[in-house]
Protein chains: 4
Amino acid sequence: MTPIERYGVETPEVNKPLRADARRNRARVLAAAEAVFAAEGVGASTEAVAKRAGVGIGTVFRHFPTKEALLEAVLVERMRALVEHARSASQDGDAGVALFGFLEHVIEQSATKNAFADALSGAGVDVTQVVGDVRGELLAAIDVLASRAQAAGALRRDVGAAEVIAVLVGASHAAMWAPDAKTRSTAVGVILDGLRPGGPRKDGLR
Amino acid sequence: MTPIERYGVETPEVNKPLRADARRNRARVLAAAEAVFAAEGVGASTEAVAKRAGVGIGTVFRHFPTKEALLEAVLVERMRALVEHARSASQDGDAGVALFGFLEHVIEQSATKNAFADALSGAGVDVTQVVGDVRGELLAAIDVLASRAQAAGALRRDVGAAEVIAVLVGASHAAMWAPDAKTRSTAVGVILDGLRPGGPRKDGLR
Amino acid sequence: MTPIERYGVETPEVNKPLRADARRNRARVLAAAEAVFAAEGVGASTEAVAKRAGVGIGTVFRHFPTKEALLEAVLVERMRALVEHARSASQDGDAGVALFGFLEHVIEQSATKNAFADALSGAGVDVTQVVGDVRGELLAAIDVLASRAQAAGALRRDVGAAEVIAVLVGASHAAMWAPDAKTRSTAVGVILDGLRPGGPRKDGLR
Amino acid sequence: MTPIERYGVETPEVNKPLRADARRNRARVLAAAEAVFAAEGVGASTEAVAKRAGVGIGTVFRHFPTKEALLEAVLVERMRALVEHARSASQDGDAGVALFGFLEHVIEQSATKNAFADALSGAGVDVTQVVGDVRGELLAAIDVLASRAQAAGALRRDVGAAEVIAVLVGASHAAMWAPDAKTRSTAVGVILDGLRPGGPRKDGLR
DNA sequence: GATGAATGAGCTTTCATTCAT
DNA sequence: AATGAATGAAAGCTCATTCAT
């Protein structure tokens, strides 16, 4: 379910046909912002977002009253997509495949889409209440994946959802930093290996 | 060789006393830039750096012709410190302790010092030739640590210096993202565990 | 005749019931504009007026094609109220009480209602033809008050309606400027005293 | 003494020759602002001020960090001029001529220079500490004029400096409002007459 | 007729960079 | 060599006005 459809949820049959264009524009602005910020970084100008969305700059500010609000909305959007993905992954029969498949998918995207990993870390934006809500949902969704994986013996028992996310953030950045595909693949493999049981050394090395 | 001494390179014969203050100023500006950018992010104004250094803004631009050059110099400075640290760590008797001690030290700093981890990843700045040089030095220094650790059986044999750095970058970001000390400690432990031998699963899961 | 009825003038035959809401809206917008501009100054946004009036911004512009037209309408409205007041004051038996009572009432309001005095002076708005009509009516109404007061020996004979209004404008601003009630009362008293006979010094001081 | 020379006071002989141009520019910006705001009102753009001063817009903001600060500086400048004028007027032999000459001079300027009278009333700008200081000086300077005039029997005894200023503000606005020279002259005369002794009517009309 | 979303010129403000002193 | 005043190109944001619904 895309965020656009959420609107439909609150307006089951018909409500205000007036807002059809507004809705369309809000979605276009959000998509444009996602693309522009991914390509040029959060320093990209709001004007660039407007141009990309094919709307006037006033329209951007009508929907998102400050640039920070826009950034936040993009963040929330990205996190929401993660939540969706995590939830659908939980349907997978094999709990281990479900968890690690999800993690690898996210990491893969990060390597491509500049600053996608930052969606998880808040990327310089002061995370507010709104983000807090989605963050909770993400934690819950990943908790499901993690618990099932632990029950199936595919995940270390000493980590919770928060730790899994932290490791995911780390792996994403490792993937972004790696200069070539081979390094990236190996480094990510190493990090994810740390999550598998057989885990913490018992030899006292640390 | 400190970055300051590089200036001496351009005056092979004698170091004129005239340049004493220039040298001092360059160092002060660099230190100020490091502090200011760490505290306020790379968006901080050059003027703020000048003020912190106690010099006029013209002086900053005399030493670093653009803001990007200044950022780059800070980056190089940070990486050089890493190189120094890695080199001195190689002196440690226990190769495993040497490597992991170094890694944990760097990660610890990252959690504290805003954007220190970004020094390794280039932090939005287009890394140029100059950085390339230091990066080579860092790779070499870490290669020494890694090789010795592998010889001592403390590090997986399928990773090289590049992979170790990638994992380090990842662990640093994981540490930065973690909301509390316990999560941070566990997540970092998990990631570093992945580097230890006993490594890649043999069960065909990946 | 209220400003609302002017609409009727354009529909000489019948007042279609259709226009009932339009009329109501025009009045609500005008009242809202008066309140908003008084509270926030003429810099207040048209949107704020619409919100206060409980109508869409499009409705405001339907009734008043530009912001200046809206300001002008507010001005006319205020002046019309003054005219009404002056006319009803002329009914008073004592011509002196009628005039000075009117003046003091206007001044009192000025001290309270931000920029009320500016209604008389045009307050930065280019006064156009429409205002000119009401201004004529005001001059006439005050001329009646002044003439009667002069006949009764309560007003200097060397002033006409224009001068009385000028003095009234001055007294209003003096009242607005005065930092406290005592200063205000004394200053206004001084200014109005100048209007009473016994008037211009004959001692050659000016 | 112009505001420019005040600088000289603090730098009796030589000090920082560097600031010669800065001083010149500050004065030019201030003069330009005074002219532009007088001509177009306080809504005039800062850019217009810069253009008029023949400097870049950055220069305006270097000297006055916000537009409000610029407005305030203009205000202070105007008030300071008033203070100077009042002080030099106090030198006049005839105390009555000194006071009324000063008042008429100010009023005359108001009629010409748009919004000059507003310098006294704060004209929509939130008056801050700085303005407060000058206001105190103005009160003191006018107090001298008023006291001397009262001693000489040229001014009502029931008014103080605050009341004189309030009346002055009123007279200025009356002058600004008056549509023609004759009305202006008469109205101003009437208001100033109220300040002369012989003052409050004793006939019980008020 | 009413609505409010869209528009874009224009405003204030910041900041990297230049250059006269 | 150092200074900091001057510059002006953006950037974020507002608001009168238009127009599709």
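As a basis for the values below, the full set of heavy atoms in this structure was taken, side chains included, without hydrogen atoms, waters or symmetry mates. Below, read A as the first sequence line, B as the second, and so on, with proteins coming before strands; counting in each chain starts at 1.
Along DNA chain F, the nucleotide closest to Arg24(D) and the one closest to Thr59(B) are compared, and the more 5′ of them pairs with Thr59(B).
In terms of phosphate contacts, Asn25(B) brings a side-chain nitrogen or oxygen within less than 4.0 Å of OP1 or OP2 of dA2(F). An OP1 or OP2 oxygen of dG1(E) is reached within less than 4.0 angstrom by no side-chain nitrogen or oxygen of His63(C).
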Less than 3.5 Å apart, which donor and acceptor atoms pair up between the side chains of residues 45-58 of chain D and the rest of the protein, not counting sequence neighbours?
from     : atom 1 : to       : atom 2 : distance (Å)
Ser45(D) : OG     : Glu47(D) : N      : 3.4
Ser45(D) : OG     : Ala48(D) : N      : 3.0

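For Ala31(C), there are no side-chain contact (heavy atoms from CB on, under 4.5 Å) partners two or more places apart in sequence or in a different chain.
Spacing between atom CG of Leu70(D) and atom P of dC11(E) amounts to 15 Å, rounded to whole angstrom units. Rounded to whole angstrom, the span from the CZ atom of Arg62(D) across to the P atom of dA5(F) amounts to 4 Å. As a whole-Å value, the separation of Arg23(A) CZ from dT21(F) C1' is 14 Å.
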Could you write nucleotides 11-18 of chain F as a row of B, S and -, 5' to 3', where a protein heavy atom under 4.0 Å of any base atom gives B, of only sugar-phosphate atoms gives S, and otherwise -?
SSBB-SBB
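Closest of all the heavy-atom pairs between Val42(D) and Lys67(D) is O-NZ, 2.9 Å. Ala38(A) and Arg78(A) get closest at one heavy-atom pair: CB-NH2, 3.9 Å. Taking both residues in full, the closest heavy atoms of Met79(B) and Val134(B) are given as CB-CG1, 3.8 Å, listed atom of the first, atom of the second, then distance. Glu77(D) and Leu30(D) make their closest contact through OE1-CD2, 3.8 Å (heavy atoms, listed as atom of the first residue, atom of the second, distance). Scanning both residues, Leu70(D) and Phe64(D), for their nearest heavy atoms gives CD1-CD1, 3.6 Å. Of all heavy-atom pairs between Ala44(A) and Phe37(A), the closest is O-CE2, 3.8 Å.
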Nucleotide-level pairing of DNA chain E, given in dot-bracket where Watson-Crick and G-U pairs need both distances under 3.5 Å and | marks other strands
.||||||||||||||||||||
